[in-house]
Participant: 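Structure incoming, see below.
When a ligand or atom number is given, it counts from 1 through the structure's own listing order. Quick note: residue numbers are just sequence positions, from 1.
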Amino acid sequence: MSRKPFIAGNWKMNKNPKEAKAFIEAVASKLPSSELVEAGIAAPALTLSTVLEAAKGSELKVAAQNSYFENEGAFTGENSPKVLAEMGTDYVVIGHSERRDYFHETDEDINKKAKAIFANGLTPIICCGESLETYEAGNAVEFVGAQVSAALAGLSEEQVSSLVIAYEPIWAIGTGKSATQDDAQNMCKAVRDVVAADFGQAVADKVRVQYGGSVKPENVAEYMACPDVDGALVGGASLEAESFLALLDFVK
Ligand code: 13P
């Protein structure tokens with residue numbers, strides 16, 4: 001059972017194409033070996049082609065931050081998973097709490113998106129995570145478990161084995177108030193337990209679970225030392241090349 005660590009930067013709605021290109025050129029040749037760690041950037045749709053072009057020939061994986069569940073048609077403003085695949089994108093982040101909260105994405109939408117992403121040969125990074133209210137009420141495990149089960153419903157064992165789940169407590173996102181090492185471990189383990197209950201232990205042993213929420217170079221090693229944390233999804237600390245590279249230093 002060896003799961004390769006996966007550190008992904010989520011730029012959210014930041015950077016123009018020029019800034020994106022400069023960033024990728026600064027990091028592409030400095031990544032640690034992909035034998036040790038996978039590194040990726042989730043770029044906004046408007047910079048995706050620039051990022052893909054700049055990352056060509058490097059080990060850097062490129063993710064979109066969202067996609068629709070239809071490949072084409074009258075869906076003004078949406079991004080086609082088919083076109084993302086044709087462009088050479090590797091991953092698609094779906095179900096980020098910002099998408100759920102601000103754009104009213106439901107568990108059902110996320111499940112449909114996961115299926116469409118796989119149908120196009122891409123891999124989803126499925127986000128889940130509870131609010132502060134849910135956390136303080138002691139209902140995080142139950143709430144996140146339901147999100148994970150709903151997102152994965154109807155997928156095959158092979159698909160679930162290959163995807164990535166990012167546990168991101170909403171109260172830790174962009175707040176500087178990161179989860180404790182114990183919270184991150186316990187919740188990532190709880191996510192894995194749900195996968196085991198729904199798809200069997202062999203699948204759960206393969207699925208990669210990232211922690212996200214105020215991860216930075218100073219605390220990333222602490223999370224990566226947890227047996228059930230397989231990586232991190234990083235917002236703010238992934239915006240500067242130097243900081244992004246420092247997030248990968250834990251492998252040294
Ligand atoms: P921060 O690392 O800025 O807290 O963001 C986390 C996140 O939402 C990544 O998807």
Side-chain angles (χ1 to χ4, degrees), residues 5-15 19-20 23 27 37-45 47-48 51 60-67 79 89-105 109-110 113-114 117 123-132 134-135 140 143-144 147-148 151 163-181 183-184 187-188 191 208-224 226 229-250:
F6 181 18
I7 305 291
N10 174 11
W11 283 351
K12 309 192 178 185
M13 200 177 72
N14 293 293
K15 295 195 190 295
E19 291 160 345
F23 177 107
V27 305
V37 59
E38 202 176 331
I41 288 292
T47 61
L48 207 52
V51 167
L60 188 74
K61 296 288 172 58
V62 179
Q65 295 176 7
N66 182 33
S67 73
N79 296 317
T89 311
D90 301 292
Y91 292 95
V92 186
V93 176
I94 51 172
H96 193 282
S97 61
E98 288 148 19
R99 302 274 338 153
R100 293 179 191 255
D101 285 355
Y102 306 148
F103 305 101
H104 314 295
E105 280 188 19
D109 294 331
I110 293 154
K113 288 178 182 203
I117 288 162
T123 303
I125 299 174
I126 301 176
C127 303
C128 58
E130 81 287 354
S131 65
L132 185 59
T134 302
Y135 174 76
F143 180 85
V144 169
Q147 285 184 324
V148 171
L163 58 73
V164 180
I165 299 173
Y167 165 66
E168 301 200 298
I170 298 168
W171 46 269
I173 295 179
T175 58
K177 188 174 169 250
S178 50
T180 63
Q181 190 185 31
D183 268 341
M187 288 304 297
C188 289
V191 166
R208 290 186 293 176
V209 184
Q210 297 173 319
Y211 165 73
S214 299
V215 176
K216 36 189 187 277
E218 299 77 50
N219 63 16
V220 67
E222 203 178 300
Y223 295 117
M224 295 311 295
C226 299
V229 178
D230 305 315
L233 187 57
V234 187
S238 74
L239 289 169
E240 299 296 333
E242 211 169 297
S243 169
F244 179 71
L245 288 171
L247 288 166
L248 300 161
D249 276 350
F250 73 92

Participant: If we set the cut-off at 4.0 Å for heavy atoms, which region of Ala172 has an atom near ligand 1: side chain, backbone, both, or neither?
Facilitator: backbone
Participant: Which atoms of ligand 1 have any heavy atom of Glu168 under 4.0 Å away?
Facilitator: 6 (C), 7 (C), 8 (O), 9 (C), 10 (O)
Participant: Ring-plane angle category for Trp11 and Phe23, please: parallel below 30°, perpendicular beyond 60°, tilted otherwise.
Facilitator: perpendicular
Participant: Rounded to the nearest 0.5 Å, what's the gap from CD1 on Ile117 to OG on Ser67? Could you check?
Facilitator: 4.0 Å
Participant: Taking atom 10 (O) of ligand 1 as the point of reference, which of Lys12, Glu98, His96 owns the nearest heavy atom?
Facilitator: His96
Participant: With a heavy-atom distance limit of 4.0 Å, tell me whether Ile173 approaches ligand 1 through its side chain, its backbone, both, or neither.
Facilitator: both
Participant: Can you tell me how far apart CG (Asp230) and OH (Tyr211) are? Round to the nearest 0.5 Å.
Facilitator: 15.0 Å
Participant: If you measure from each heavy atom of Gly212 to ligand 1, is any distance below 4.0 Å?
Facilitator: no
Participant: Evaluate the side-chain contact (heavy atoms from CB on, under 4.5 Å) criterion for residues Cys226 and Gln181: first the C-alpha distance (whole Å), next the side-chain angles of each, then the deciding distance (0.1 Å), finally the verdict.
Facilitator: CA-CA 7 Å; Cys226 299; Gln181 190 185 31; 3.4 Å; yes
Participant: Near Gly174, which atoms of ligand 1 are under 4.0 Å from a heavy atom of that residue?
Facilitator: 1 (P), 3 (O), 4 (O)
Participant: Provide the number and element of each atom of ligand 1 under 4.0 Å from a heavy atom of Gly236.
Facilitator: 1 (P), 2 (O), 3 (O)
Participant: Working note: Tyr223 + Gln210, criterion side-chain contact (heavy atoms from CB on, under 4.5 Å); need CA distance, chi angles, decisive distance, verdict.
Facilitator: CA-CA 9 Å; Tyr223 295 117; Gln210 297 173 319; over 6 Å; no
Participant: Quick one: which ligand 1 atoms are inside 4.0 Å of a heavy atom on Gly235?
Facilitator: 1 (P), 2 (O), 3 (O), 5 (O), 6 (C), 9 (C)
Participant: Are any of the N/O atoms on Ala237, whether in the backbone or the side chain, positioned under 3.5 angstrom from an N/O atom of ligand 1?
Facilitator: no
Participant: Please check if atom CD in Glu240 has more than 12 non-hydrogen atoms from other residues, nucleotides or ligands closer than 6.0 Å.
Facilitator: no
Participant: Looking at Gly236, is its backbone amide N or carbonyl O close enough to the side chain of Lys216 to form a donor-acceptor pair, meaning the two atoms are under 3.5 Å apart?
Facilitator: no
Participant: Using a plain distance cutoff, I'd like to know if Asn10 has any nitrogen or oxygen under 3.5 Å from a nitrogen or oxygen of ligand 1.
Facilitator: yes
